[in-house]
Amino acid sequence: MDVPQAQQVRDALVKQGLETPLIPSDMTAKQKYERIKGLMTEVVSTLGLDLNDDSLQETPHRIAKMYVNEVFAGLDYANFPKIAQIENKMAVDEMVRITDISVVSTCEHHFVTIDGLAKVAYIPSSTIIGLSKINRIVRFFAQRPQVQERLTKQILVALQTLLATDNVAVSIDATHYCVKSRGVMDTQSQTQTTALGGEFKTSAATRAEFFR
């Protein structure tokens with residue numbers, strides 16, 4: 001990990017017990033791909049599917065590539081977005097809020113999709129960041145096997161660390177396909193999680209403005 005900001009964020013998450021449970025690994029992305037491809041070949045074959053069929057023969061490759069390069073790319077801090085911190089020369093001291101940020105993640109219990117929208121806000125202190133960077137931070141932490149509660153807090157702590165302020169709020173509304181497509185098979189319910197810091201936690205008016 002050669003990005004100081006990524007290390008800062010990771011250290012903050014570890015300190016608060018919010019880092020995704022990980023074991024040390026020195027495998028390269030290519031080695032991970034090869035191993036997952038081999039294991040998925042076994043899974044597909046065990047299910048009784050014919051890997052000689054032209055529709056199925058590339059499935060282990062596709063899954064391995066997808067896991068390493070896309071849906072679980074957030075496990076590697078080398079992929080953490082580069083954040084340009086901009087001096088708050090305009091003395092902005094009111095809420096900056098971004099709504100309807102797409103969240104596509106993966107339930108760590110069943111490895112099926114979590115799909116929803118996030119709302120993020122902060123009250124600037126000495127620095128601000130480009131608005132798209134907030135979306136990228138949400139995406140980075142979503143690209144992991146996740147529990148929605150942890151995902152919400154990881155985004156909060158990452159932004160608090162990078163912006164050097166406690167005044168951050170995060171809310172996520174999501175559909176869990178482990179609920180929708182298996183088990184209880186409830187196709188309508190949504191899960192909402194919230195993480196509040198600073199004035200968003202202590203001020204009812206600020207909190208109400210965030211949720212309006």
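We number each residue from 1, following the sequence as shown.
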Keeping the roles fixed (side chain from [X], backbone from [Y]), state whether a donor-acceptor pair exists under 3.5 Å.
X: Gln31; Y: Thr28; value: yes
X: Thr165; Y: Asn167; value: yes
X: Asp173; Y: Leu117; value: no
X: Asn79; Y: Ala73; value: yes
X: Gln146; Y: Phe141; value: yes
X: Arg207; Y: Lys201; value: yes
X: Gln8; Y: Thr161; value: no
X: Gln154; Y: Leu18; value: yes
X: Gln190; Y: Thr175; value: no
X: Glu94; Y: Ile123; value: no

[X] versus [Y]: any side-chain heavy-atom pair under 4.5 Å?
X: Asn88; Y: Thr127; result: no
X: Arg139; Y: Asn135; result: no
X: Val71; Y: Gln143; result: no
X: Val103; Y: Val138; result: yes
X: Lys32; Y: Ser25; result: yes
X: Arg97; Y: Glu209; result: no
X: Thr20; Y: Leu75; result: yes
X: Leu163; Y: Ile129; result: yes

Inset, instruction - Give the intermediate values and the outcome of side-chain contact (heavy atoms from CB on, under 4.5 Å) for residues Arg150 and Glu108. - result: CA-CA 11 Å; Arg150 185 200 300 130; Glu108 70 180 38; 2.8 Å; yes
Inset, instruction - Carefully, step by step, assess Glu149 and Lys153 under the rule side-chain contact (heavy atoms from CB on, under 4.5 Å). - result: CA-CA 7 Å; Glu149 295 89 336; Lys153 289 188 174 243; over 6 Å; no
Inset, instruction - Applying ring-ring contact (aromatic ring centres under 6.0 Å, His included), run through Phe111 and Tyr177 and close with a yes or a no. - result: CA-CA 9 Å; Phe111 271 31; Tyr177 282 70; over 10 Å; no
Consider only side-chain heavy atoms of I, L, V, M, F, W and Y, link residues closer than 4.5 Å, and tell whether [X] and [Y] are in one cluster.
X: Phe211; Y: Phe200; result: yes
X: Ile172; Y: Phe210; result: no
X: Leu196; Y: Leu159; result: no
X: Leu131; Y: Phe80; result: yes
X: Leu51; Y: Leu49; result: yes

Inset, instruction - For this output row, return yes or no: ring centroids of Tyr33 and Tyr67 closer than 6.0 angstrom. - result: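 No; Tyr67 has its ring centre 6.0 Å or more from that of Tyr33.
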Nearest heavy-atom pair of [X] and [Y]: which atoms, and what distance?
X: Gln5; Y: Ile83; result: NE2-O, 2.7 Å
X: Cys107; Y: Cys178; result: SG-SG, 3.8 Å
X: Val9; Y: Ala158; result: CG1-CB, 3.7 Å
X: Leu56; Y: Pro60; result: O-CD, 3.8 Å
X: Ala142; Y: Leu151; result: N-CD1, 3.6 Å

Hey, are [Y] and [X] close enough side-chain-wise for a donor-acceptor pair under 3.5 Å?
X: Thr152; Y: Thr193; answer: yes
X: Gln192; Y: Gln148; answer: no
X: Gln57; Y: Asp53; answer: no

Legend entry - Derivation of the side-chain contact (heavy atoms from CB on, under 4.5 Å) call for Val104 and Thr113: CA-CA 7 Å; Val104 181; Thr113 300; 4.3 Å; yes
Legend entry - Test: Arg144 cationic atom under 6.0 Å from Tyr77 six-membered ring centre, within 45° of axis: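 Flagged: Arg144 positioned over aromatic ring of Tyr77.
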Legend entry - More than 12 heavy atoms from other groups under 6.0 Å of NZ on Lys119: yes
If you measure from [atom1] on [X] to [atom2] on [Y], what distance do you get to the nearest 0.5 Å?
X: Met27; Y: Ile36; atom1: CE; atom2: CD1; value: 7.5 Å
X: Gln160; Y: Asp166; atom1: CD; atom2: CG; value: 5.0 Å
X: Ile155; Y: Ile134; atom1: CD1; atom2: CD1; value: 10.5 Å
X: Leu156; Y: Leu13; atom1: CG; atom2: CG; value: 10.0 Å
X: Gln16; Y: Asp11; atom1: CD; atom2: CG; value: 11.5 Å
X: Glu87; Y: Ile128; atom1: CD; atom2: CD1; value: 10.0 Å

Legend entry - Trace of the side-chain contact (heavy atoms from CB on, under 4.5 Å) decision for Ile114 with Thr106: CA-CA 5 Å; Ile114 300 170; Thr106 303; over 6 Å; no
